[in-house]
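First the structure, in the form of structure tokens, and then the observations on it.
Everything quoted here is computed from the prediction, not taken from an experiment. Order of the sequence lines fixes the chain letters, A, B, ..., with proteins taken first and strands second; residue numbering starts at 1 for each chain.
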2 protein chains.
Amino acid sequence: MSTELSTEEKIKEAAKRVFLAKGFDGCSSREIAKEAGMNVALVYYYFRSKSQLFQLVFQAAMEDFMTAMVEVFSADLSLDSKIRIFIEREFDFLSKHPEIPGFIINEITRKESCAVDKIDMMEMVASTGIFQQCLEAQRKGEMIKLDLVSLTMLILSNCHYPHMARPLLQEIHQLSDEKYNQHLMLHKQYVTEMIMGYLFPKK
Amino acid sequence: MSTELSTEEKIKEAAKRVFLAKGFDGCSSREIAKEAGMNVALVYYYFRSKSQLFQLVFQAAMEDFMTAMVEVFSADLSLDSKIRIFIEREFDFLSKHPEIPGFIINEITRKESCAVDKIDMMEMVASTGIFQQCLEAQRKGEMIKLDLVSLTMLILSNCHYPHMARPLLQEIHQLSDEKYNQHLMLHKQYVTEMIMGYLFPKK
DNA sequence: CTGATTTTTAAACAAGTGTTTAAAATGAGT
DNA sequence: ACTCATTTTAAACACTTGTTTAAAAATCAG
């Protein structure tokens, strides 16, 4: 347990926690300062505004998010292994950071000001060669014909939504946290089976 | 174009628009009053607080949301037709009200105070007999064995997420609104095909 | 130790928040 | 025309908001 963080870092960590939990609109600079155990003015001394601090946190979340995804694609594996492992890893990542997709989507929805490095993001994914691997598999007839947008939608839907909608589904089905976690683990299997079966049909 | 709404209704309609667009934390009573073309005090005259007005709007959104889902289940159709039509309707509903699932999930996440009528919600669905229809189809071996929670997750994931994640996916893939709409319509087909294929495998 | 620099503090700022109040406008029934 | 309840208004309330300021404290270089 190293409390050897600089003031600046402590504030940023606190901001991460608070912003992820409550969103930009749902918290105040004072709340972030308190969470960091610091004076409010320090927030403005190190980061010039609430928005600027937010941008930093947002970008960091986005990067964690993308990094977790790209890792698998860079490996030297067959396409179907990559997708299988991707789902596995995504479920793992999201059970540790379930708030991230909702946070990102919500904040982007509420203002375009979330200046995402658009080009960089697609560059990151594209540079792994995953797209070419897809196209090739499609040409060989191993994989169903499906544009890359739909492919993204399909996989992300089934990985993100079960974590994002946890509070809704727990409420609807009256499930405890543990019960829901069990369902998530089961669901990972189903999703993998379904997606693999759909993308790579055995003739 | 009937402007024949009572003051109370005008405020509620304005609140719906504003809350859905910006969330509870993202707007003020004055903003709602302004949107309705009314004095702020009227918001408090008709609804005793911002929270109370919000609860009303939230409940209404939840009801629209559930009603759209239950309708299909009540019809006199085979299970696979019901699911097929459900997906169709859900995509239609969400292309008209894309903010609803994100709104509901987000607000439930940020406070349990969203006193959802839990029992009512499941009652609504259960009373259509859809669950029995599922269990029967499973016993007959027509449908894959899958608990109802996973079934819900599976279908909602693929219907809700593409609409919720629109701003993220448009950003990532650099798509115009129209282009994205086209992708959505295509995606509906893919999702239907995939889910039907998975749930009702042809032996 | 000293003087300059960096870091931290408490206090203040104007603007915006949810909410209340008390008076004005409105309209129906006598 | 007068009464009384309902509806609408402008103004005020206490408090929180993002942000700044000016001084105090801590740090560090020579």
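A search for side chain to side chain donor-acceptor pair (under 3.5 Å) contacts involving Glu8(A) returns nothing, not counting sequence neighbours. Qualifying ring-ring contact (aromatic ring centres under 6.0 Å, His included) partners for Phe93(A), counting only residues two or more places apart in sequence or in other chains: His97(A). With sequence neighbours excluded, the residues forming a ring-ring contact (aromatic ring centres under 6.0 Å, His included) with Phe73(B) are Phe86(B), listed by chain and number. In terms of the side chain to side chain donor-acceptor pair (under 3.5 Å) criterion, residue partners of Ser81(A) (sequence neighbours excluded) are, by chain and number, Ser78(A). Remark: Glu13(B) pairs with no residue by the salt bridge (Lys or Arg N to Asp or Glu O under 4.0 Å) rule, at least two apart or across chains.
Residues from residues 19-34 of chain B lying near DNA chain C, meaning a heavy-atom separation below 4.0 Å, are Cys27(B), Ser28(B), Ser29(B), Arg30(B) in numerical order. Contacts between residues 43-53 of chain A and DNA chain D, defined by a heavy-atom separation below 4.0 Å, involve Tyr44(A), Ser49(A), Lys50(A), listed by number.
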Can I get a per-line list of side-chain donor-acceptor pairs under 3.5 Å for residues 158-167 of chain B, giving both atom names and the distance, sequence neighbours left out?
unit_1, atom_1, unit_2, atom_2, d
Asn158(B), OD1, Asn158(A), ND2, 2.9
Asn158(B), ND2, Asn158(A), OD1, 2.9
Asn158(B), ND2, Leu154(B), O, 2.8
His160(B), ND1, Tyr161(A), OH, 2.6
His160(B), NE2, Glu90(B), OE2, 3.1
Tyr161(B), OH, His160(A), ND1, 2.7
His163(B), ND1, Cys159(B), O, 2.9
Arg166(B), NH1, Gln170(B), OE1, 2.8
Arg166(B), NH2, Asn181(B), OD1, 2.3

Side-chain donor-acceptor distances from residues 31-39 of chain B under 3.5 Å, at least two apart:
unit_1, atom_1, unit_2, atom_2, d
Glu31(B), OE2, Lys22(B), NZ, 2.7
Glu35(B), OE2, Arg17(B), NH1, 2.2
Asn39(B), OD1, Ala41(B), N, 2.9

Give the table of side-chain donor-acceptor pairs shorter than 3.5 Å for residues 124-132 of chain A, with sequence neighbours excluded, one pair per line with atom names and distance.
unit_1, atom_1, unit_2, atom_2, d
Ser127(A), OG, Glu123(A), O, 3.2
Ser127(A), OG, Met124(A), O, 2.9
Thr128(A), OG1, Val125(A), O, 2.6
Thr128(A), OG1, Ile130(A), N, 3.3

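The nearest whole Å value for the distance from the CG atom in Leu42(B) to the P atom in dT26(C) is 14 Å. To the nearest angstrom, P of dA23(C) lies 17 Å from CG of Asn39(B).
Within the structure, no pair that satisfies the ring pair (Phe, Tyr, Trp, His ring centres under 6.0 Å) test touches residues 167-193 of chain A, not counting sequence neighbours.
Remark: side-chain polar atoms of Lys16(B) are not paired, donor with acceptor, to backbone N or O of Ala61(B) under 3.5 angstrom.
Of the side-chain N and O atoms in Thr7(A), none sit less than 4.0 angstrom from OP1 or OP2 of dT7(C).
A nucleotide of DNA chain D counts as in contact with chain B when one of its atoms lies under 4.0 Å from a heavy atom; the first and last such, 5' to 3', are dT6(D) to dA12(D).
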